[in-house]
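Here's the structure, in structure tokens; my notes come after.
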Amino acid sequence: MAGPLRVALVGYGTGGAYFHAPLIAAVEGLRLAAVVTGNPTRRAQVQRDHPDALVLAKPADVWADRDAFDLVVITTPNATHVSLATEAIDARLPVVVDKPIAADAGEARALVNRAEATGVPLTVYQNRRWDGDFRTLSRLLSDGSLGRPVRLESRFDRWRPTVAEGAWKEQPDNAGGILLDLGTHLVDQALVLFGPVRSVYAEIDARRPGAAVDDDVFLALTHHSGVHSHLWASTLAGQLGPRFRLLGDSAAYVTWGTDPQEAALRAGRKPGSPGFGDRPAAEWGTLGAGDAVRPYRTLSGEYARFYEGVVAALTTGAPMPVDPRDAVSTLTVLDAARESAASRSIVDI
């Protein structure tokens with residue numbers, strides 16, 4: 001193409017304002033051409049943050065002027081993802097859908113099939129694949145530093161004991177709840193590392209007073225590779241556990257705390273600025289076994305690589321950075337987790 005890809009961003013809540021718009025603006029080959037939001041406060045925020053972008057009132061404004069855009073990014077409440085992505089596909093616009101792509105595997109599979117049948121590129125924003133600690137853990141697996149992997153422990157712990165009144169993630173009608181929110185990241189990362197899952201055991205609870213959606217979950221996955229993944233997400237973690245603890249038969253890798261990119265984006269730091277995505281030495285993970293344990297440098301987080309991959313896919317024909325079939329696999333595991341929790345049994349996939 002002669003110029004950068006023109007992006008229409010649908011939604012300007014936390015996801016749009018902090019996890020998408022700054023990356024789109026920073027990546028060479030993309031231009032934030034329009035933002036869709038009907039909220040007056042958010043419309044004013046768009047005009048302050050991205051004065052060159054059009055502000056549209058509704059997604060239909062994008063479909064009506066589809067030749068003005070080359071890519072649509074959907075970052076709206078979960079329950080709207082499938083319908084909006086379907087409209088983008090029917091308008092023949094390549095589309096990025098924030099995770100989860102759908103509320104269940106059946107909806108996700110139908111959406112992916114529709115995109116494939118019409119030849120419209122589709123991908124899913126699984127940005128946590130580019131967390132620095134996850135990149136580090138992946139490298140250690142690849143270079144054999146841990147030996148044969150045995151068990152992954154992975155957590156997203158939060159201390160948010162009070163229900164956020166009015167928040168869509170607290171509403172079942174909006175496909176809210178921590179399983180679809182953070183559980184999607186946990187399962188996606190486990191599948192990337194260790195491949196397909198053979199069986200699932202899960203505990204899914206709503207524990208906060210007044211909670212209408214799940215807020216405390218545990219999943220035990222057995223992979224066909226033989227590795228076990230134990231995954232936690234909770235809003236009631238008064239003391240946080242390690243973010244990752246990966247045990248191998250030669251060594252272990254343990255890391256604490258969350259990737260710094262989210263905090264940096266919320267603070268207004270620009271992707272690509274000096275030190276963006278870096279962890280200070282005091283926050284590096286540890287590698288080793290027994291008495292031979294040492295700090296191990298955490299690789300930089302690189303969320304921008306997702307959108308760099310989208311540019312490559314749309315301009316050179318490279319694969320999308322996240323195969324949407326991976327999202328179907330993730331939701332298949334989450335569906336099995338719900339079944340397991342309901343039946344209090346192990347569910348085979």
Side-chain angles (χ1 to χ4, degrees), residues 1-13 15-38 42-76 81 84-98 101 114-116 118-127 129-130 261 264-265 268-274 276-277 301-324:
M1 296 184 62
L5 300 171
R6 301 160 298 174
V7 181
L9 176 63
V10 181
Y12 206 69
Y18 300 115
F19 285 98
H20 291 277
L23 299 172
I24 293 167
V27 168
E28 185 176 356
L30 295 177
R31 178 170 68 86
L32 186 60
V35 177
V36 178
T37 178
R42 291 175 181 173
R43 291 172 69 88
Q45 184 182 353
V46 173
Q47 291 167 346
R48 291 193 304 271
D49 296 345
H50 305 280
D52 294 333
L54 294 173
V55 183
L56 304 177
K58 54 188 183 299
D61 296 336
V62 177
W63 323 143
D65 196 20
R66 65 90 48 229
D67 289 337
F69 306 104
D70 306 297
L71 175 67
V72 174
V73 176
I74 295 170
T75 175
T76 53
H81 287 180
L84 290 172
T86 298
E87 291 173 8
I89 290 167
D90 290 348
R92 301 301 189 269
L93 279 166
V95 58
V96 172
V97 185
D98 212 335
I101 190 175
R114 191 185 193 100
E116 291 178 350
T118 55
V120 174
L122 168 68
T123 190
V124 185
Y125 187 65
Q126 290 287 173
N127 60 305
R129 294 187 183 189
W130 289 273
Q261 292 175 95
L265 290 167
R269 293 189 59 192
K270 303 298 183 184
S273 60
F276 185 89
E302 297 183 338
Y303 288 166
R305 284 180 55 187
F306 172 85
Y307 275 110
E308 291 169 358
V310 172
V311 172
L314 297 182
T315 58
T316 72
M320 278 290 195
V322 175
D323 186 335

* To do: Quick one: pull up CG in Leu9 and CG in Leu54 and give me the separation to the nearest 0.5 Å.
  => 12.5 Å
* Taking side chain as C-beta onward, heavy atoms only, is Leu265 less than 4.5 Å from Pro271? -> yes
* What are the two closest non-hydrogen atoms of Leu84 and Pro59, and how far apart are they? -> CD2-CG, 3.7 Å
* To do: Report yes or no: does Arg92 contribute a side-chain atom to a donor-acceptor pair with the main-chain N or O of Gly119 at less than 3.5 Å?
  => no
* Asked: With sequence neighbours excluded, what pairs up with Tyr125 under the side chain to side chain donor-acceptor pair (under 3.5 Å) test?
  -> none
Side-chain donor-acceptor pairs under 3.5 Å in residues 26-37, sequence neighbours left out?
unit_1, atom_1, unit_2, atom_2, d
Thr37, OG1, Asn39, N, 3.2

* Identify, with sequence neighbours excluded, every residue that meets side chain to side chain donor-acceptor pair (under 3.5 Å) alongside Arg66. => none
* Asked: Between Thr118 (side chain) and Ala115 (backbone), is there a donor-acceptor pair under 3.5 Å?
  -> yes
* Derivation of the side-chain contact (heavy atoms from CB on, under 4.5 Å) call for Val96 and Val7 -> CA-CA 10 Å; Val96 172; Val7 181; over 6 Å; no
* Structure fact -> So CG of Leu71 and CG of Leu314: to nearest 0.5 Å the spacing works out to 6.0 Å
* To do: Side-chain contact test, heavy atoms from C-beta onward, threshold under 4.5 Å: evaluate it for Val62 versus Leu93 and give yes or no.
  => yes
* Looking only at heavy atoms, what is the nearest atom pair of Phe276 and Ala264, with distance? -> CE1-CB, 3.6 Å
* Taking all heavy atoms of Trp63 and all of Val72, pick out the closest pair and write down the distance. => CZ3-CG2, 3.9 Å
* For the residue pair His50 and Tyr12, categorise the inter-ring angle as parallel (less than 30°), tilted (30 to 60°) or perpendicular (more than 60°). => perpendicular
* **Smallest separation among heavy atoms of Asp67 and Arg6, with atom names** => O-NH2, 3.1 Å
* Asked: Quick one: side-chain hydrogen bond (donor to acceptor under 3.5 Å, both in side chains) pairs with a partner in residues 16-25, sequence neighbours left out?
  -> His20-Asp98, His20-Tyr307
* Under the 3.5 angstrom rule, does the side chain of Gln261 hit a backbone N or O of Tyr303 as a donor-acceptor pair? -> yes
* Min side-chain heavy-atom separation Leu23-Asn127 under 4.5 Å -> no
* Asked: Is Thr75 reaching over with its side chain to a backbone N or O of Gly11, donor-acceptor style, under 3.5 angstrom?
  -> no
* Asked: For His81, which residues count as a side chain to side chain donor-acceptor pair (under 3.5 Å) partner, sequence neighbours excluded?
  -> none
* Nearest atoms (heavy-atom pairs only) where Pro319 meets Ala313 -> O-CB, 3.8 Å
* Report yes if some heavy atom in the side chain of Val120 is under 4.5 Å from a heavy atom in the side chain of Arg114; otherwise report no. => no
* To do: Compare every heavy atom of Leu5 with every heavy atom of Val311, then report the nearest pair and how far apart it is.
  => CA-CD1, 4.2 Å
* Asked: Mind checking what makes side chain to side chain donor-acceptor pair (under 3.5 Å) contact with Glu302, not counting sequence neighbours?
  -> Arg305
